[in-house]
Amino acid sequence: MEVMYQSTRSGEQKVTASQAILKGLADDGGLFVPDHIPALDVSLDEIAKMSYQETAYEVMKLFFTDFTEEELKNCINRAYDDKFDTKEIAPLVQKDEAYYLELFHGATIAFKDMALSILPHLLTTSAKKNKITNEIVILTATSGDTGKAALAGFADVEGTSIIVFYPKNGVSKIQERQMITQKGANTKVVGITGNFDDAQSGVKAMFNNKELAEAMNSKGYQFSSANSINVGRLVPQVVYYVYAYTRLLGRGEIAEGEAVNFVVPTGNFGNILAAFYAKNMGIPVGKLICASNDNKVLFDFFETGVYDKNREFILTTSPSMDILISSNLERLIYRIAGEDAKATADMMNELSTSGVYTITPEMKKQLQDFVGGWADEEKTAAEIKQVYENAGYVMDTHTAVASAVYRDYKKRTGDTVKTVIASTASPYKFATSVMTAINDKYEGMDDFALIDELSKVSGVSIPKAVEEIRSAPVLHDTVCETADMQKTVEKILGL
């Protein structure tokens, strides 16, 4: 049965998967959602015998129904190739009473690679299907990881260019260096003086600016998005939850039908929403544990039913989660509102005008799959140290937030269901925070000296992505005020 896509804010006009991927954001500012979540049509036992690439096809063919088998398999095989440093693509490692789903074995050592390796291929295939002749300009805001993964994915891809905005003082040194040294004639990186929410709001405003769209079209350009608001980002993330469950099944760690919990360090809500979609496809999931850092807007939402972004924005050692407007939550709101587009649009309007919205008690009852938790900076650092000392396993700060939240959850509830923690970045990406958590003797050391120490401590060789940026020249040094983001784009595109 064909899956069509509709906006969370109007719900009437339906588009195909390829059209939704091309547009990124709906014309009314809403997010595209599938008109139904398809059920897996092969057994979990069968998927347990499949490779990551074969699993990806079984999931994606159900969502991207206007792609031919050849088109989709071509996208998958070009994405999940030897740019990943493990054959499994997403290894599942058991350490210290939990399973860590390592999503950082791609080209830029973060989980964003899982979807951003395939998005350029989905997008260029979609353009051909829809006879698009304009150059597609990928416009993206990043809290650290999406930016580099998108830049790497789209660098020198024919028919595309990419502009990434990031908070100048809101990412790790390694994250920034990965972006500003990015090669590719079609890549541009711009620091802004605000935070990630400012960058994301500026990008959304440009997507919704009809005059800008007309000016771009007259010069042969059109926008698309590489953020997790694009369904071409969201659907590939569903794959690794299906893969993780079926690996446990294939290894005899669980029986068929046995539930598994997932813990996801969460900022923009796309990664945990993908786990929710996997559950709705037929994966037996117990609890979806949403882990926040000090910016615990999602934790408060799950506790109270009130989403309130009016609070201090805190810069933490887990910067990819330093977000107060979780864009992908809108897709869940639409679902629990009974696919009521007007109600969803009203709540999103309240969020943009007053910074607060409240869901109804009936809506809150539908959130029973989710549990919120949060870990502050002290608890995050303590978790890195504890797991290293207990299991010899070194994790990054975002994974540590999730791991600490799971430790608290287990203690509080006594829930012994087998649990998978999404490990979203390599510790090498946050070497300073990781190494000083393990031992304060590392404080004050140079970033690259710490990377060498991390290699000794972890026994894991330094990833190619990190080695490459040690001596790479800075190619992008533009910085602008938040208010000047559109002017900067116009200048880049020569409008």
Side-chain angles (χ1 to χ4, degrees), residues 51-53 56 76-93 100-121 140 142 144-157 162 164 166 171-187 189 226 236 240 319-320 393-399 422-435 442 445-476:
S51 67
Y52 191 88
Q53 293 85 343
I76 289 165
N77 293 333
R78 289 170 73 184
Y80 304 115
D81 58 8
D82 58 9
K83 72 174 76 69
F84 286 83
D85 64 19
T86 58
K87 188 169 178 283
E88 304 97 314
I89 307 294
L92 194 61
V93 179
Y100 291 87
L101 178 61
E102 294 186 345
L103 300 170
F104 53 76
H105 289 278
T108 75
I109 57 174
F111 83 103
K112 307 293 170 80
D113 286 324
M114 302 300 294
L116 281 163
S117 293
I118 194 168
L119 181 62
H121 304 298
T140 289
T142 185
D145 286 338
T146 285
K148 173 59 184 178
L151 287 160
F154 282 94
D156 293 324
V157 170
I162 177 164
V164 169
Y166 75 97
V171 299
S172 81
K173 288 277 193 302
I174 298 290
Q175 284 177 312
E176 180 174 50
R177 192 150 181 84
Q178 280 188 302
M179 288 189 280
I180 62 177
T181 59
Q182 175 66 50
K183 295 174 187 169
N186 65 339
T187 64
V189 180
Y240 49 72
S320 299
Y393 188 65
V394 182
M395 63 178 71
D396 92 293
T397 45
H398 304 74
T399 308
S423 182
T424 53
S426 164
Y428 281 102
K429 210 152 193 175
F430 304 93
T432 302
S433 302
V434 169
M435 293 304 287
Y442 295 113
M445 277 178 73
D446 167 76
D447 273 359
F448 284 100
L450 280 172
I451 278 163
D452 292 329
E453 290 298 314
L454 176 51
S455 180
K456 291 175 199 167
V457 163
S458 66
V460 175
S461 54
I462 299 168
K464 187 176 154 198
V466 174
E467 283 291 9
E468 281 175 348
I469 60 171
R470 276 187 199 260
S471 55
V474 171
L475 301 175
H476 308 273

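- Residues F84 and A79 approach most closely at CE1-O, 3.5 Å, considering heavy atoms.
- Atom CD1 of I89 sits about 11.5 Å away from atom CG of L103, to the nearest 0.5 Å.
- Residues P427 and V394 share a closest heavy-atom pair of CG-O, 3.7 Å.
- Once rounded to the nearest 0.5 Å, the distance linking CD1 of I180 with CG of L475 reads 9.0 Å.
- The distance from the CD1 atom of I109 to the OH atom of Y428 is 9.0 Å, given to the nearest 0.5 Å.
- With hydrogens and angles ignored, the 3.5 Å screen pairs a side-chain donor or acceptor of Y80 with a backbone N or O of M114.
- Once rounded to the nearest 0.5 Å, the distance linking CD1 of I174 with CD1 of I469 reads 4.5 Å.
- Side chains of K148 and Q182: a donor-acceptor N/O pair is present below 3.5 angstrom, by distance only.
- Tested against R177 for a side-chain contact (heavy atoms from CB on, under 4.5 Å), the candidates D447, V474, V466 yield a single pass: V474.
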- Item | Residues Q178, L151; criterion side chain to side chain contact (heavy atoms under 4.5 Å, CB included); working and verdict | CA-CA 10 Å; Q178 280 188 302; L151 287 160; over 6 Å; no

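- Here the CG-CZ distance, from D396 to F111, works out to 10.5 Å after rounding to the nearest 0.5 Å.
- A pairwise comparison of heavy atoms in A149 and K112 identifies CB-CB, 3.7 Å as the closest pair.
- Side-chain atoms of H398 come within 3.5 Å of backbone atoms of S320 as a donor-acceptor pair (strictly under, hydrogens ignored).
- Nearest heavy atom pair, residue F104 against residue S423, reads CE2-OG, 3.3 Å.
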- Query: Step by step, would you call E453 with M445 a side chain to side chain contact (heavy atoms under 4.5 Å, CB included)?
  - Reply: CA-CA 10 Å; E453 290 298 314; M445 277 178 73; 3.7 Å; yes

- Show the numbers, then the answer: is there a side chain to side chain contact (heavy atoms under 4.5 Å, CB included) between L450 and Y442? CA-CA 7 Å; L450 280 172; Y442 295 113; 3.5 Å; yes

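- Taking each heavy atom of D113 and A107 in turn, the nearest pair found is OD2-N, 3.3 Å.
- Formation of a donor-acceptor pair under 3.5 Å by the K83 side chain with backbone atoms of R78 is found in this model.
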- Going through the checks in order, is the side chain to side chain contact (heavy atoms under 4.5 Å, CB included) test met by M179 and V164? CA-CA 9 Å; M179 288 189 280; V164 169; 4.2 Å; yes

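- Contact annotation: the side chain of T181 never approaches that of E468 to less than 4.5 Å [non-hydrogen atoms, C-beta and beyond].
- Nearest heavy-atom pair, P236 versus Y52, reported as atom, atom and distance to 0.1 Å: O-OH, 4.2 Å.
- Note on R470 versus D452: salt bridge recorded, some NZ/NE/NH1/NH2 to OD/OE distance being below 4.0 Å.
- Judged by distance alone, with hydrogens and angles left aside, the side-chain atoms of T146 form no donor-acceptor pair with the main-chain N or O of T142 at under 3.5 Å.
- To the nearest 0.5 angstrom, F154 atom CZ is 9.0 Å from H121 atom NE2.
- A donor-acceptor pair under 3.5 Å links the side-chain atoms of N186 to the main chain of D156, judged by distance alone.
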